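Structure record follows, encoded as structure tokens.
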2 protein chains.
Amino acid sequence: MRVTIYDVAKKAGVGIGTVSRVINKSPQISPKTRKKVLGIIKELNYQPYVMAQGLARKKTNTVACIVPFFTGYFYFELLNGVQQALSKHNYDLILYSVDLFDKKEDIFERTLQERRVDGVLLFSMTISDDYADKFVNKKMPIALVDGYHKSLDSITIENKKGAYLAAEHLIKMGHSKLGLINGNLGSIPARIRLKGFNDALAANDITPDEQHIFNVSSIDDPQILSNDGFNKLAGYYGMSKLLDLGENRPTGVFISSDIQAAGAMKVVNERGLKIPEDIAIVSFDGIELSEYLGLSTMKQPMFEMGALAVEHLIKKIEKRSNNGVFKKLFHPELVIRDTCGAKLQMEKILD
Amino acid sequence: MRVTIYDVAKKAGVGIGTVSRVINKSPQISPKTRKKVLGIIKELNYQPYVMAQGLARKKTNTVACIVPFFTGYFYFELLNGVQQALSKHNYDLILYSVDLFDKKEDIFERTLQERRVDGVLLFSMTISDDYADKFVNKKMPIALVDGYHKSLDSITIENKKGAYLAAEHLIKMGHSKLGLINGNLGSIPARIRLKGFNDALAANDITPDEQHIFNVSSIDDPQILSNDGFNKLAGYYGMSKLLDLGENRPTGVFISSDIQAAGAMKVVNERGLKIPEDIAIVSFDGIELSEYLGLSTMKQPMFEMGALAVEHLIKKIEKRSNNGVFKKLFHPELVIRDTCGAKLQMEKILD
DNA sequence: CAAAAATATGGAAGGGCTTCCATAAAAGAG
DNA sequence: CTCTTTTATGGAAGCCCTTCCATATTTTTG
């Protein structure tokens with residue numbers, strides 16, 4: 001039979017309320033009693049039963065993370081930050097992976113109703129006004145990471161500035177025929193990155209060439225469209241299109257995610273072209289993969305974003321935060337590796 | 001106020017027991033009543049409250065996954081299989097990441113006592129006899145994935161055979177100076193892979209050269225030692241040592257994990273050597289990264305391993321399984337990409 | 001030293017569900 | 001149409017906690 005609070009109370013010769021107060025570190029317990037009860041707890045190896053605590057407190061000490069799992073590594077690093085922050089606060093993490101669109105709403109519905117969790121972390125996904133309202137009305141704390149909704153807390157990255165800096169860097173490297181491989185323009189990051197890209201061109205008096213701008217929206221292959229086009233295949237396909245232009249192809253390409261860049265690099269290699277000599281690349285995200293590939297990329301501080309999201313969410317859960325909508329914007333940082341050509345240029349200068 | 005089973009019962013004009021039975025798909029409910037109650041449930045948008053269910057049923061419908069998180073991608077793919085299998089059975093996944101050793105035992109203790117979960121999946125970790133007994137005694141189902149304990153269910157990979165095949169492949173490619181970069185020999189996979197490697201050499205009348213065998217155990221840099229040496233840095237360091245041998249270096253190297261291979265490839269490139277021309281590599285694991293790097297590797301069917309682990313665990317949880325200890329051995333499969341030199345050789349032949 | 005205030009403790013009620021036992025309704029048998 | 005069996009339903013008790021209210025104990029104050 002399980003050891004309950006009653007067993008502890010009886011053995012310690014106190015009431016169950018007292019035991020409960022000891023467990024919950026209530027200040028209004030005499031040191032003597034506390035010590036006695038703590039002794040018995042250890043002796044019986046008692047541990048409170050979370051389900052019962054949850055029922056009584058109406059609190060689960062658990063947070064849901066909804067992650068578009070299939071996409072890969074980006075979330076892994078975020079998750080790491082999240083996990084560490086949560087365990088510091090003694091919260092558990094329930095992981096929901098979403099692949100299909102309707103599954104997302106399913107999970108929203110469940111988290112709102114079942115009350116299995118005290119709060120929700122939503123990664124890289126959109127949320128309809130409808131559900132946003134539901135979360136607000138039901139007072140279920142939610143934070144979007146790498147996603148945006150006007151009435152919800154969100155932690156995002158300066159996408160526009162990132163794209164701007166990436167393009168600017170390529171321009172500084174001497175490229176004037178600039179390409180862009182983007183995700184689905186239906187997604188906000190894709191739209192904003194396009195804007196940043198265009199701004200950089202404009203600021204440098206470069207007229208964008210429509211041919212050099214690829215976005216996944218024109219395609220209807222579901223594999224290419226998955227995850228809003230932020231996938232390997234889309235990168236492969238996009239780069240093929242650019243290379244098909246022959247001499248007209250761009251010489252420097254900004255690719256809106258590392259994962260797309262991985263695919264893009266593959267085609268470039270397959271066609272016998274050299275990176276960065278023939279085509280220079282700067283991408284976006286800064287996942288670990290970029291390091292292995294030698295990708296020059298705009299790095300997002302993912303670990304920090306995950307950790308901050310947790311800190312903030314817990315504040316809301318524990319009502320230690322005002323009720324305003326919290327928005328935090330992180331800045332991406334240009335990490336120069338091999339694909340942008342900066343190192344190569346530097347070597348030449350030094351020679 | 002929350003919608004409870006009482007609200008539904010009242011509105012439907014039935015008793016709470018009836019509502020409960022409808023929810024739990026009890027057969028002994030007349031179709032008429034079922035329909036009526038189901039209607040009200042939808043109308044009130046009622047959903048049972050998991051904490052209360054958990055308390056009453058003494059069941060949580062949740063499984064804990066204990067993962068050595070920091071290491072990386074290997075677990076990501078396993079997790080994917082796990083997650084999908086779990087959600088099919090309507091179980092939730094609580095993720096515990098372990099970095100420090102004592103944290104592991106902490107989590108064991110908690111899962112055993114708090115009863116927050118119905119079962120545990122332990123990835124790539126050892127478990128002491130002591131804790132193994134505790135799990136058995138407390139009847140808490142647990143399955144080890146990529147780990148072994150005699151009295152617990154486990155799902156593992158044929159490490160010896162995998163290493164054997166990898167080495168054999170290199171030998172077939174014409175290499176006779178074979179190197180090995182291994183993890184910490186304190187870990188079982190590292191020991192077994194060493195054995196497989198040696199067996200392959202013996203079977204082909206090659207005397208192993210001590211100099212060509214690197215294992216992390218001789219080092220005391222904590223970074224290199226982390227995760228039993230299955231990390232990038234260890235690979236980098238190990239390969240440096242082999243390359244330091246100059247003309248004496250091995251021409252073909254079996255590296256016991258993809259992640260180490262990534263580090264190893266980096267040094268090889270830095271030193272201006274070519275893969276596979278100067279050094280051929282076959283590694284182990286088959287994580288997604290290996291694809292990007294063009295690594296020839298022994299692929300573990302990770303998704304399947306994760307999924308099977310779940311299926312099995314749930315059977316145990318739901319008592320649908322006999323009580324024997326379940327052991328399943330998966331077979332790794334050689335995936336030929338660029339680093340082993342097989343493709344290159346093939347091209348030469350075709351020319 | 002008594003009265004008032006502050007502090008510590010006991011335990012009933014309540015949280016939302018499942019389940020068992022008792023009872024009511026329906027079906028079958030004679 | 002009545003009696004027995006089967007099937008369907010109602011609701012109390014129990015799962016293990018927290019919390020509030022009532023009471024007991026200690027400390028402070030005049």
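Fair warning: this is a prediction, and the values are worked out from it, not measured in the lab. Letters A, B, ... mirror the listed sequences (proteins, then strands); counts begin at 1.
Side-chain N/O atoms of A:Y49 and B:Q113 include no donor and acceptor closer than 3.5 Å. A:Y96 and B:Q83 are not linked by any side-chain donor-acceptor pair at a separation below 3.5 angstrom, with hydrogens and angles left out of the test. No hydrogens or angles considered: a donor-acceptor pair under 3.5 Å links the side chains of B:H89 and B:E311.
Residues from residues 21-30 of chain A placing a heavy atom under 4.0 Å of any atom in DNA chain D, listed by number, are A:R21, A:N24. Near DNA chain D, meaning a heavy atom under 4.0 Å away, there are no residues from residues 38-49 of chain B.
A parallel orientation is assigned to the rings of B:F326 and B:H312, their planes being inclined by less than 30° (bins at 30° and 60°).
Residue pairs meeting the salt bridge (charged side-chain N to carboxylate O under 4.0 Å, His left out) criterion with at least one member in residues 144-155 of chain B, sequence neighbours excluded: B:D129-B:K150, B:D153-B:K316.
Residue A:R116 forms a side chain to side chain donor-acceptor pair (under 3.5 Å) with just one option from B:T60, B:D92, B:N61, and that option is B:D92.
The distance between atom NZ of A:K59 and atom C1' of D:dT19, rounded to the nearest whole Å, is 16 Å. As a whole-Å value, the separation of B:Y6 OH from C:dC17 P is 9 Å. Protein atom CZ of A:R57 is 16 Å distant from nucleotide atom P of C:dG16, rounded to whole Å. The distance from atom CZ of A:R116 to atom P of C:dC17 is 14 Å, rounded to the nearest whole Å. Atom CZ in B:R115 sits roughly 14 Å away from atom C1' in D:dC15 (whole-Å rounding). As rounded to whole Å, 11 Å separates atom P of C:dT19 from atom CD1 of B:I5. Rounded to an integer number of Å, the gap from CZ of B:R2 to C1' of C:dC17 is 11 Å. Atom CE in B:M51 sits roughly 24 Å away from atom P in D:dG14 (whole-Å rounding).
Within the 4.5 Å cutoff, no side-chain heavy atoms of B:H149 are placed close to those of B:S154. At a threshold of 4.5 Å between non-hydrogen side-chain atoms, the residues B:I5 and B:Y46 count as touching. Side-chain contact check for B:L112 versus B:F135: some heavy-atom pair is nearer than 4.5 Å. Under the 4.5 Å side-chain criterion, counting only non-hydrogen atoms from C-beta, A:K104 is in contact with A:T126.
Using a 4.0 Å cut-off, some side-chain N or O of A:K58 falls inside it from OP1 or OP2 of C:dG16. Taking only side-chain nitrogens and oxygens, A:S20 never comes nearer than 4.0 Å to OP1 or OP2 of D:dC17.
Place B:A56 and B:R34 on DNA chain D by their nearest nucleotides, and B:R34 ends up nearer the 5' end. Two residues, B:V19 and A:Q53, neighbour DNA chain C, and the one matched to the more 5' nucleotide by heavy-atom proximity is A:Q53. When each of A:I16 and B:G17 is assigned the nucleotide of DNA chain C with its nearest heavy atom, A:I16 is the one assigned upstream, toward the 5' end.
Residues satisfying the ring pair (Phe, Tyr, Trp, His ring centres under 6.0 Å) criterion with B:F330, sequence neighbours excluded, are absent altogether. In this view, A:D133 satisfies the side-chain hydrogen bond (donor to acceptor under 3.5 Å, both in side chains) rule with no residue, not counting sequence neighbours.
Each of C:dG14, C:dC17, C:dT9 was ranked by its minimum atom distance to the side chain of B:A52; first place goes to C:dC17.
Counting any heavy atom pair closer than 4.0 Å across all strands shown, B:V50 reaches no nucleic acid atom.
For the helix from C:dC1-D:dG30 to C:dG30-D:dC1, the terminal axes (five pairs an end, C1' atoms, rotation from four pairs onto the next four) enclose an angle of 30°, given to 10 degrees.
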